[in-house]
Amino acid sequence: MDLRNIAIIAHVDHGKTTLVDELLKQSGAFRENQQVSERAMDSNDIERERGITILAKCTSVEWKGTRINIVDTPGHADFGGEVERILNMVDGVCLLVDAAEGPMPQTKFVTSKALALGLRPIVVVNKVDKPDGDPDRALNEVFDLFANLGASDEQLDFPHVYASGRSGWADLELDGPRKDLSALYDLILRHVPAPRQVAQRADPFRMLATTLSSDPFIGRILTGRVEAGTLKVGETLKALSRTGERIEQFRVTKILASRGLGMQPIDLAEAGDIVTLAGMSKATVADTLCDLSVDVPIPAQPIDPPTISVTFGINDSPLAGRDGNKVQSRVIRERLMKEAEVNVAIKIEDTPGGEAFVVSGRGELQMGVLIENMRREGFELSISRPRVIFREEDGARLEPIEEVIIDVDDEYTGTVIDKLTGLRRGDLVEMKPAGVGKTRIVAHVPSRGLIGYHGEFLTDTRGTGVLNRIFHDWAPHKGQIQGRRVGVLISMENGVSVAYALWNLEERGRLFIGAQEQVYEGMIIGEHSRDNDLEVNPLKGKKLTNVRASGTDEAVRLTPPIRMSLEEAIAYIDDDELVEVTPKIVRLRKRFLDPHERKRQARAG
């Protein structure tokens with residue numbers, strides 16, 4: 001059977017996974033009466049809850065006698081480690097662009113990787129039936145984007161279709177019949193070349209491992225594209241590292257391939273196929289699985305370096321161990337090492353004491369997803385404020401700069417620009433209209449300045465602004481950037497919060513807790529209205545007297561407390577604060593000091 005390998009790339013929420021749903025349905029991958037959930041490719045719980053793709057996944061459909069392997073890639077740059085490896089397995093890309101928004105930052109990130117690999121793109125202008133859609137403008141912006149990214153003449157001469165993924169149609173013309181996706185299928189068959197590896201089926205077997213996972217029944221499994229040769233179940237292979245060192249020799253116990261949404265065992269894997277192998281015990285991502293006669297590994301695509309680091313430690317608060325059952329540093333370390341093996345975009349380092357671990361990655365969202373997965377598995381953790389990773393080059397200190405694209409109402413433009421360019425040391429690159437009453441702002445801002453900014457941005461724009469960011473470049477250090485400009489309210493007692501005490505504290509600032517919640521000394525229970533920290537007593541009850549008077553016994557009505565998400569909490573804290581994460585709750589607290597350190601600080605202050 002003829003083969004086509006293609007990746008679908010798009011910005012978050014441009015309809016990529018919904019389009020894949022329709023491709024599967026119209027290809028006959030499902031029975032007519034089969035119950036299939038919406039966004040079927042988002043199989044992870046967090047992916048479904050947040051509506052984003054985190055893990056790259058492969059599926060396949062058949063169309064006119066050709067098997068099309070489709071790879072659904074993450075749309076967020078924080079998960080770019082997945083994207084960079086996945087693109088090595090395909091021969092073409094399908095770039096999905098929202099007709100109203102046009103190409104966005106995450107589109108730019110993934111597209112630059114695809115163009116650098118020489119892949120020829122197909123552009124799908126999606127959501128053309130939206131009232132504010134402007135397909136022609138979106139196409140022009142895609143062409144400009146390709147030109148800015150250094151696309152070749154062949155890549156600039158890209159074919160395009162107009163589509164509505166939700167309605168399940170794609171046409172070569174904007175005023176086409178709008179019936180089905182056959183125009184997109186046919187375009188993929190015509191434009192995407194067959195795998196060049198097909199001609200190498202007579203050579204010894206070679207495959208580069210791209211993703212690693214485990215199965216409860218068959219153990220460790222590795223997925224990749226067969227670069228040369230053929231493979232049958234039961235044959236013996238060896239694994240080579242990037243440097244050519246022999247890691248292990250193993251017998252292939254199972255060969256799996258994507259068929260629709262499921263994985264099916266197959267008897268023979270041929271060059272060009274995307275398959276999953278089982279039987280190894282040590283081989284991992286970027287290793288070469290090959291015939292015993294092969295000695296040279298397949299070159300692996302380098303991964304962009306991490307830009308931020310977060311310290312994961314044990315939960316040492318007075319309430320530790322009440323919610324989770326995995327609290328020891330040894331167990332936390334094992335889990336982090338397991339994650340680093342699967343996700344090559346993160347790095348793990350031990351701290352001198354061995355009680356905490358420095359985890360480096362691409363961004364706050366990637367860290368937040370890792371922490372969320374761990375808390376759902378029963379871990380309790382204390383998390384530090386994210387720190388930007390600096391780089392030394394020719395004696396100069398360089399820091400990561402991010403490109404920020406903001407769509408905001410005209411009335412809030414001045415406030416946003418002032419915050420980005422003034423307080424956060426950013427440079428304004430572009431400012432242009434983005435529809436009726438809207439302005440698009442493009443700025444280059446140090447990553448340090450964006451930590452904790454998103455919540456402030458939503459407040460400044462009354463929740464109407466949209467902010468997207470992506471790593472841009474390294475630049476000389478831009479000097480000191482002011483952090484959080486307000487202090488916090490800190491509990492000075494252990495116990496259960498009292499409504500009367502919180503009611504009296506509301507004039508001091510905004511509260512993070514409600515009545516009848518467990519608190520302890522050092523726990524942050526609110527944001528102070530001034531720039532200093534304030535110790536308060538949330539347990540102080542009302543003094544009772546034997547005098548009755550009108551109005552003294554009115555019910556206390558509290559303002560609803562602010563409940564931060566995990567990512568908001570991590571971005572909010574200061575350097576001397578931690579986020580306490582358990583399976584049931586997220587708390588903020590001051591970093592506990594040992595008595596000697598407390599005395600030293602008291603003498604210094």
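- Ile451 CD1 to Ile481 CD1: the interatomic distance, rounded to the nearest 0.5 Å, is 9.5 Å.
- When side chains are defined from C-beta on, Tyr185 counts as touching Ile68, because their heavy atoms get closer than 4.5 Å.
- Under 4.0 Å is where a charged nitrogen must lie from a carboxylate oxygen, and between Lys432 and Glu430 at least one such pair does.
- Of all non-hydrogen atoms in His191 and Pro159, the two that sit nearest each other are CE1-CD, 3.4 Å.
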Assess whether side-chain contact (heavy atoms from CB on, under 4.5 Å) is satisfied between Val275 and Leu256, documenting all intermediate values. CA-CA 6 Å; Val275 295; Leu256 304 171; over 6 Å; no
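- Classification of Asp98 and Lys130 as a salt-bridged pair holds, one side-chain N sitting under 4.0 Å from a carboxylate O.
- Of the possible donor and acceptor atoms, one in the side chain of Asn126 sits under 3.5 Å from a partner among the backbone N and O of Gly165.
- Considering only residues two or more places apart in sequence or on other chains, His477 meets the ring-ring contact (aromatic ring centres under 6.0 Å, His included) condition with Phe390.
- Below 30°, between 30° and 60°, or above 60°: for His160 and Tyr162 the angle between ring planes is above 60°, a perpendicular geometry.
- In terms of modelled atom types and a separation under 3.5 Å, the side chain of Arg178 and the main chain of Leu174 share a donor-acceptor contact.
- Using modelled atom types, one side-chain atom of Asp180 and one backbone atom of Ser182 make a donor-acceptor pair closer than 3.5 Å.
- Side chains of Thr276 and Thr223: a donor-acceptor N/O pair is present below 3.5 angstrom, by distance only.
- Between atom CG of residue Leu187 and atom CG of residue Leu181 there is a gap of 12.0 Å, rounded to the nearest 0.5 Å.
- You'll find the side chain of Asp2 stays beyond 4.5 Å of the side chain of Arg67, heavy atoms only.
- One distance of note links CD1 of Ile573 with CG of Leu588; it measures 7.0 Å at 0.5 Å rounding.
- In terms of modelled atom types and a separation under 3.5 Å, the side chain of Asn5 and the main chain of Gly272 share a donor-acceptor contact.
- Between the side chain of Asn140 and the main chain of Asp136, a donor-acceptor pair closer than 3.5 Å is present.
- Nearest approach of Val579 to Ala569, heavy atoms of both residues: CG2-O, 3.6 Å.
- Atom CG in Asp134 sits 8.5 Å away from atom CD in Glu141 (nearest 0.5 Å).
- None of Ile389, Asp473, Val388 except one satisfies the side-chain contact (heavy atoms from CB on, under 4.5 Å) rule with Pro400; the exception is Val388.
- Separating the CZ atom in Arg4 from the CZ atom in Arg190 is a distance of 11.5 Å, to the nearest 0.5 Å.
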Quick one, Ile570 with Ile371, criterion side-chain contact (heavy atoms from CB on, under 4.5 Å). Give me CA distance, side-chain angles, the key distance, then yes/no. CA-CA 10 Å; Ile570 294 170; Ile371 297 164; 3.5 Å; yes
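- A salt bridge links Arg225 with Asp91: the closest approach of a Lys/Arg side-chain nitrogen to an acidic carboxylate oxygen falls below 4.0 angstrom.
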Carefully, step by step, assess Val161 and Val125 under the rule side-chain contact (heavy atoms from CB on, under 4.5 Å). CA-CA 6 Å; Val161 294; Val125 184; over 6 Å; no
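- Checked for salt-bridge contact, Asp186 and Lys64 meet the test: a charged N lies under 4.0 Å from a carboxylate O.
- Between the side chains of Thr415 and Asp460, not a single donor N or O lies within less than 3.5 Å of an accepting N or O.
- Annotation for Lys179: atom NZ does not count as buried by contact number, only 12 or fewer foreign heavy atoms lying within 6.0 Å.
- What you find for Pro446 and Ile401 is that their closest heavy atoms are CA-CD1, 3.8 Å.
- In terms of modelled atom types and a separation under 3.5 Å, the side chain of Gln155 and the main chain of Leu119 share a donor-acceptor contact.
- The shortest side-chain heavy-atom distance between Val442 and Glu403 falls under the 4.5 Å cut-off.
- Ion pairing of Asp407 with Lys438 is absent here, as no side-chain N (NZ or NE/NH1/NH2) approaches a carboxylate O to less than 4.0 Å.
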Any chance you could lay out the side-chain contact (heavy atoms from CB on, under 4.5 Å) test for Val416 and Phe457, step after step, and finish with the verdict? CA-CA 7 Å; Val416 171; Phe457 167 75; 4.0 Å; yes
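- We find the NZ-OG distance between Lys127 and Ser167 to be 11.5 Å, quoted to the nearest 0.5 Å.
- Side-chain atoms of Val310 and Arg387, non-hydrogen and from C-beta on, never get closer than 4.5 Å to each other.
- Proximity of Asp273 to Leu3: side-chain heavy atoms (C-beta onward) are separated by under 4.5 Å at one or more points.
- The minimum heavy-atom distance linking Ala138 with Gly102 is given by the pair CB-CA, 4.2 Å.
- Centroid-to-centroid, the aromatic rings of Phe512 and Tyr572 come within less than 6.0 Å.
- At least one donor-acceptor pair under 3.5 Å links the side chain of Arg425 to the backbone N or O of Gln480.
- In terms of modelled atom types and a separation under 3.5 Å, the side chain of Glu22 and the main chain of Leu19 share no donor-acceptor contact.
- Proximity of Val90 to Ile6: side-chain heavy atoms (C-beta onward) are nowhere separated by under 4.5 Å.
- Across all their heavy atoms, Thr421 and Ile417 have their closest contact at OG1-O, 2.6 Å.
- Of all heavy-atom pairs between Val128 and Pro135, the closest is CG1-CG, 3.9 Å.
- Contact check for Val142 versus Phe158: side-chain heavy atoms found under the 4.5 Å cut-off.
- Salt-bridge formation is detected for the pair Asp427/Lys478: a Lys NZ or Arg NE/NH1/NH2 atom is positioned less than 4.0 Å from an Asp or Glu carboxylate oxygen.
- The backbone N or O of Leu450 sits nowhere less than 3.5 Å from a side-chain atom of Glu402 that would complete a donor-acceptor pair.
- Residues Leu398 and Pro476 meet the side-chain proximity criterion, which asks for heavy atoms closer than 4.5 Å.
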